[in-house]
There are 2 protein chains.
Amino acid sequence: MSLPYRDPCKACLNCDVRRKAVCSALKDDEVGELERVMSFVKLEANQILLEEGEPRRRVYSLTSGMLRLSLALPDGRRQITGFLMPGDFLGLADDDTYSQTAEAVIPSGLCSFSVRDMDQLMERFPHLKDRLHLMTRAALRQARETQMILGRLAPSEKVASFLLIMSNRAAAHGLPESPVHLPMTRTDIADYLGLTIETVSRTFTKLKTQGLIHLPDPHSVEIADKARLATVAGITLH
Amino acid sequence: MSLPYRDPCKACLNCDVRRKAVCSALKDDEVGELERVMSFVKLEANQILLEEGEPRRRVYSLTSGMLRLSLALPDGRRQITGFLMPGDFLGLADDDTYSQTAEAVIPSGLCSFSVRDMDQLMERFPHLKDRLHLMTRAALRQARETQMILGRLAPSEKVASFLLIMSNRAAAHGLPESPVHLPMTRTDIADYLGLTIETVSRTFTKLKTQGLIHLPDPHSVEIADKARLATVAGITLH
DNA sequence: CGTCCCATTGATTGCTTTCAAAACCGGTGG
DNA sequence: CCACCGGTTTTGAAAGCAATCAATGGGACG
């Protein structure tokens, strides 16, 4: 499965996501407490971290790479409920068991905590608890935005929204707004937007033909006309 | 708009949702503190309680009736993100501003609190805060289930799932599993499931023809064959 | 009894899905 | 260096199904 180990070089204080992740709730002199109970996990591309229905024993903070969260139907259909980016927390929604599956989209690194340790730390550092609650609320708002995208947007609007959202998130992580790097496959995008891979692919082609985007390669999207892309998206971005 | 007043007769201790709502986190001798800062609001059918984008000054606990939460697009399209039933809390997801609109489906009653008062009470009674966090996590799981319904289920599956979910929720509130009472209009159901009203109506008719449900009137659905309905839903219920 | 709103039913259109095939890309091995 | 192979993406053709447009039915209310 995964390879838990403690990385002595990458101290929390120098971590890339020190100011974005849960640990931003802790002061520099407090974060050592977190580090003490933490282990570090590396995942290869497509490696499963945890599965829907398993007991929730550990929670994670993503430091690098990307994860996909998904729900599956008995017949194999899949809905991706979200993509996690560095700084995002895994395990916000669950109590006793994981409610969804988490897999790596690309090689990824995570801080791992036992639920028991995390609960103890939350009692000691109320800010930590508040921060997790804040992140849960943000996740809920995001899930509802996604409900709108899934329920009421046409395919082109879905894809356009997706590109703008990914572009915004990239910017929030200090990466360029464009070109957007989409590490996931067309199947992932389809399963996220409630479409088929063919429709996703055709929509990319259409947006390209209309001059709204360029596609140097399937995983890179250069946003050529953000204003018009936003019009196509039909959704006002936060 | 709404009619805030304090109802002297309906003490919290005798409230219908005393054991289901937020206040279940408080002991009988603590709940008076909640009551002291509470006001009671009554809404008529279709009355708007609060709108997307407004500053979040108050939060609510629904005691009777039903609310719909929705997001709107500039062009008028609407996505209903959920229906609130007695005991549910309103304002879980938001920080500074409401992220969605809340309207009464039918005449409804709510306990109303200023955010400031509620924050103070949460500091005094940590269980209250924990309870709200718990409810937020449940809302997040529910939103993700809904993502699956919206993204990956066919219309009949959507409607069947909707009926089973409403039936389950009714049961959880001490009401009969069947017949299910659906106070909302076909338009509401369509905007919740990402369909048109015609498709919703046709699907009800189809399920009726197949003998899975009876429709004594448009707002009452008797589940005639729960097992087969669950098969059509294609989704395993919690 | 007439009006309004909502739900249902009908007919047609259009778009996404489905089914199928071709193109592309990186890696491997001859 | 080139041929081959698996996986992914793109493109093509056809079919199916929900959306759309339109009309009818039904219940509540004045």
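Per chain, numbering begins at 1; letters A, B, ... match sequence-line order.
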Every protein N/O within reach of nucleotides 19-23 of chain C N/O, cut-off under 3.5 Å:
{"residue": "C/dC19", "atom": "N4", "partner": "A/E198", "partner atom": "OE2", "Å": "3.1"}

Looking only at heavy atoms, the pair that brings B/T136 and A/L140 closest together is CG2-CD2, 4.1 Å
5'-most contact on DNA chain D (nearest-nucleotide basis), B/L195 vs A/K208, goes to A/K208
Checking A/S108 against A/K42: is there a side-chain donor and acceptor pair closer than 3.5 Å?
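On atom types as modelled, these side chains do not qualify, holding no pair under 3.5 Å.
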Answer yes if the side chains of A/S70 and A/Q79 hold a donor-acceptor pair under 3.5 Å, and no otherwise.
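The answer is no; no qualifying pair exists.
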Exercise. Is the shortest side-chain N/O distance from B/T185 to OP1 or OP2 of C/dC6 below 4.0 Å?
Worked result: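 Negative; the distance criterion is not met.
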Just to confirm, is there a sub-4.0 Å distance from OP1 or OP2 of C/dT9 to any side-chain nitrogen or oxygen of B/T205?
yes
Whole angstrom value for the distance that separates [atom2] of [N] from [atom1] of [X]:
X      : N      : atom1 : atom2 : answer
A/I197 : C/dT18 : CD1   : P     : 11 Å
B/R186 : C/dT9  : CZ    : P     : 10 Å
A/K158 : C/dC15 : NZ    : C1'   : 13 Å

For the pair B/R78 and B/D188, find out whether any cationic side-chain nitrogen is under 4.0 Å from an anionic carboxylate oxygen.
-> yes
Under the criterion side-chain hydrogen bond (donor to acceptor under 3.5 Å, both in side chains), I'd like the reasoning laid out for B/T81 against B/Q100: C-alpha separation, chi angles, the key distance, then a yes or no. CA-CA 9 Å; B/T81 56; B/Q100 46 189 359; 2.6 Å; yes
Chain B reaches DNA chain D, atoms under 4.0 Å from its heavy atoms, from D/dA18 to D/dC21
Q: Report yes if some heavy atom in the side chain of A/R169 is under 4.5 Å from a heavy atom in the side chain of A/D88; otherwise report no.
A: yes
query: Hey, mind stepping through B/R58 and B/S112 against side-chain hydrogen bond (donor to acceptor under 3.5 Å, both in side chains) and telling me if it holds?
result: CA-CA 7 Å; B/R58 303 193 72 81; B/S112 163; 2.5 Å; yes
Residues 150-171 of chain A vs ring pair (Phe, Tyr, Trp, His ring centres under 6.0 Å), sequence neighbours excluded, gives A/F162-A/Y192
